[in-house]
There are 2 protein chains.
Amino acid sequence: MAKQNTVFKDAFNRCLKLLAETSALPSEPELGTTLGVSRTTIRAILTRMEELQLIAWDKRAKVVLRQPKAEDYYPAEETDSLSDIIERSFMRRILAGGAEPGMQINELELARDIGTGTTSVREFLIRFSRFGLIEKRPNSHWVLKGFTREFALELTEVREMFELRSAASFAALAPDHTAWTDLDRIEAMHHEILADIDNRYKEFSELDERFHLLVHTSSSNRFIVDFYDIITIVFHYHYQWNKTNARERNARALEEHLDYIAALRSRDPVLVEAACRRHLKSARETLLQSIQ
Amino acid sequence: MAKQNTVFKDAFNRCLKLLAETSALPSEPELGTTLGVSRTTIRAILTRMEELQLIAWDKRAKVVLRQPKAEDYYPAEETDSLSDIIERSFMRRILAGGAEPGMQINELELARDIGTGTTSVREFLIRFSRFGLIEKRPNSHWVLKGFTREFALELTEVREMFELRSAASFAALAPDHTAWTDLDRIEAMHHEILADIDNRYKEFSELDERFHLLVHTSSSNRFIVDFYDIITIVFHYHYQWNKTNARERNARALEEHLDYIAALRSRDPVLVEAACRRHLKSARETLLQSIQ
DNA sequence: AAACTGTCTATTGTGGATAAAAGACAAAAT
DNA sequence: ATTTTGTCTTTTATCCACAATAGACAGTTT
């Protein structure tokens, strides 16, 4: 098979949810915009919905005949894009499995393992190489540099430089900039989670990403914003395999964020720098602690 | 054809030069190390040299029969790797040709233009995307973000952060660190070029790269060192199409480098920072000036 | 006249095939 | 006891093919 129709399946599932809320679907271009796919895919979705007798479709008329049932949905594992599958599989190998630094990475073996073609694995590795965890020997294998203490230190060093600068730009943003209202929303979410920390501490990870990305974005520098991808992926996968003291760690980080947010609001560069440094220091310690 | 034998052809040409200097070639593994290729390639080279009656080859004995002539060499255009060809071709399109920001980049069209398969073009674009000049729309085209004033400003902002930090680490290096002798060599080269600036000003570009890379390397941070790749490629191609006042520009930069080097030697953080800032400021101005 | 649909074409994403290049291992030579 | 060579296997780099997806254009509907 040349290409998996995951775009279609995922959009179909999302379209079923839209269908549950109305008695008739909108026009094809409108659906395309809503779901973020082309009309070709929309028409494939509508055709499938007609087959399943979910809708009666005649040109502009797309009347809902019945509510979607659980079996109408495509299973979740069929809607993941191939690159996501490769990424997860690879990260599990190098972060969870005892992968030693210096180990060779074999495209063919990886492809066989995942059950995919070499081209996709190869492209993944090229994309992934910018994270500094692997390196290519031309005409030969890739070398795993490993998720080591050095890696974490180098990563956090740059992160701290970038975030201090971004935080300073944030504080200097015009008062009517949309970032301030984004910050309000993020702050409110902090309070919500803290109020029910025992049940909701797992939501921290996503909120953390949103908050720091917002700060980095205010640098208006593509290199700084892009760098945050590395932080995101490292933290995302790393915390999946390191859940010790997650509740306390997250509670503490939430409090630090609130101080940091208050400092940003004060627009006082000295306060901002101090709060930012304090939080970054404890984030670094957390990361280093979890390495071995 | 599946793979161009450019590795073989390039190594063959380099081996011809070795051959011109001795009466017998060394062992296969030794040749492999010298030329940086595998024994498989070495044996292909030896076979070819035997065919051309350049050597008499019997097991360990590889006796030189005659000196190589110009026609023994493979033509230079056959020794370039495909990714180099794609890179050059692409950079000419986006830097020299009037490529507008926002323009779409089409893998198929690019591949047809260059006369290569789409896979190679695609892999090049993925690798190249980390330079922040292009961006992918999934399942669709790439978008050219363009070599604009914003790009240059964002690039230099990060460069300045990284270089100031690297210069500070450099000054703190132990006195017996090899970087100091590398610096001696680079400094000497500066004096040589300055002494004959009218004829040799073109050598500045390569020397500039060596010098700044040396400084960045002392940060011992892979992200800082890797970032210098972006600077390198931008300056490399950019100066190929912007040669106005090259002589004066280079002479001035050489003088600034000498100040900068003297400051590093002083190991005084204040002097280092001042010299580094002065040079970076004029480098930024030069880059911005040449944009439009 | 503006938006929508039917139809068709072009491009991307991915597996598979193949020559080039790397590399493993045992036998042979110093 | 190394080092080198002969032979063979494995892996990478690259092209090609094809389904999925995007996108263009003309005719149709509101």
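Side-chain atoms are counted along with the backbone in the values below, which use heavy atoms only and exclude waters and symmetry mates. Keep in mind that this is a model prediction, so the values were computed, not measured. Proteins come first, then strands; the chains are lettered A, B, ... in the order of their sequence lines, and each starts at number 1.
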Between B/Lys136 and C/dG13, is there a contact of a side-chain N or O with OP1 or OP2 at under 4.0 Å? yes

Using a 4.0 Å heavy-atom cut-off across all strands, classify A/Thr116 as base, sugar-phosphate, or nothing. sugar-phosphate

Measure the distance from CG on A/Leu125 to P on D/dT11 and round it to the nearest whole Å. 15 Å

Which atom names give the shortest non-hydrogen contact between B/Glu28 and B/Leu46, and what distance separates them? CG-CD1, 4.0 Å

In whole Å, what is the span from the CG atom of B/Asp80 to the P atom of D/dA13? 17 Å

Can you measure A/Ile105 atom CD1 to D/dT12 atom C1' for me and round it to whole angstrom units? 15 Å

Can you check the B/Lys3 NZ to D/dA13 C1' distance for me, whole Å? 5 Å

Give A/Ser83 one of three labels, base, sugar-phosphate or nothing, depending on what nucleic acid heavy atoms sit under 4.0 Å from its own. nothing

For A/Glu109 and B/Ser140, find the nucleotide of DNA chain D closest to each by heavy atoms; which residue's nucleotide sits nearer the 5' end? A/Glu109

From CZ (B/Phe131) to CZ (B/Phe147), nearest 0.5 Å: 12.5 Å

When you check the side-chain N and O atoms of A/Glu209 and A/Tyr228, is any donor under 3.5 Å from an acceptor? no

Side-chain N or O of A/Thr119 versus OP1/OP2 of C/dT14: is the shortest distance under 4.0 Å? no

Think A/Thr41 has a side-chain N or O under 4.0 angstrom from the OP1 or OP2 of D/dA20? no

Side-chain N or O of A/Arg43 versus OP1/OP2 of C/dG6: is the shortest distance under 4.0 Å? yes

Upstream residue (5' side of DNA chain C) when B/Pro138 and A/His141 are each assigned their closest nucleotide: B/Pro138

By nearest nucleotide on DNA chain D, pick out whichever of A/Arg122 and A/Arg60 is the more 5' one. A/Arg122

If you draw the axis of the six-membered ring of A/Phe235, does the NZ or CZ of A/Arg159 fall within 45° of it and under 6.0 Å from the ring centre? yes

What is the distance from CZ of A/Arg39 to P of C/dA10, rounded to the nearest Å? 18 Å

Given D/dT4, D/dA19, C/dA21, which nucleotide is nearest the side-chain atoms of A/Ala2? D/dA19

Using only side-chain N and O atoms of B/Asn106, determine if any of them is under 4.0 Å from OP1 or OP2 of C/dT11. yes

Any side-chain N or O of B/Ser27 less than 4.0 Å from the OP1 or OP2 oxygen of D/dT4? yes

Rounded off to whole Å, could you give me the CD-to-C1' distance for the B/Glu107 and D/dC18 pair? 16 Å

For residues B/Arg14 and B/Tyr73, is any side-chain donor paired with an opposing acceptor at under 3.5 Å? no

How close do B/Ile126 and B/Ser129 get, counting heavy atoms only, and between which atoms? O-OG, 2.6 Å

Students often get this wrong, so: under 4.0 angstrom with heavy atoms, is B/Glu30 touching a base, only sugar-phosphate, or nothing? nothing

B/Lys62 near the nucleic acid: base, sugar-phosphate alone, or nothing, with a heavy-atom cut-off under 4.0 Å? sugar-phosphate

Would you kindly give the CG-to-C1' distance between A/Asn5 and C/dG15, to the nearest whole Å? 15 Å

Regarding the side chain of A/Leu82, the nearest nucleotide among C/dT14, D/dG6, D/dA22 is C/dT14

Heavy atoms only, 4.0 Å cut-off, all strands: where does B/Arg112 land among base, sugar-phosphate and nothing? sugar-phosphate

Specify the residue among B/Lys59 and A/Thr40 whose closest nucleotide of DNA chain C lies further upstream toward the 5′ end. A/Thr40

Nearest-Å distance, CG (A/Asn139) to P (C/dA22)? 5 Å

Could you work out which one of C/dG15, C/dA21, D/dT21 sits closest to the side chain of A/Ser120? C/dG15

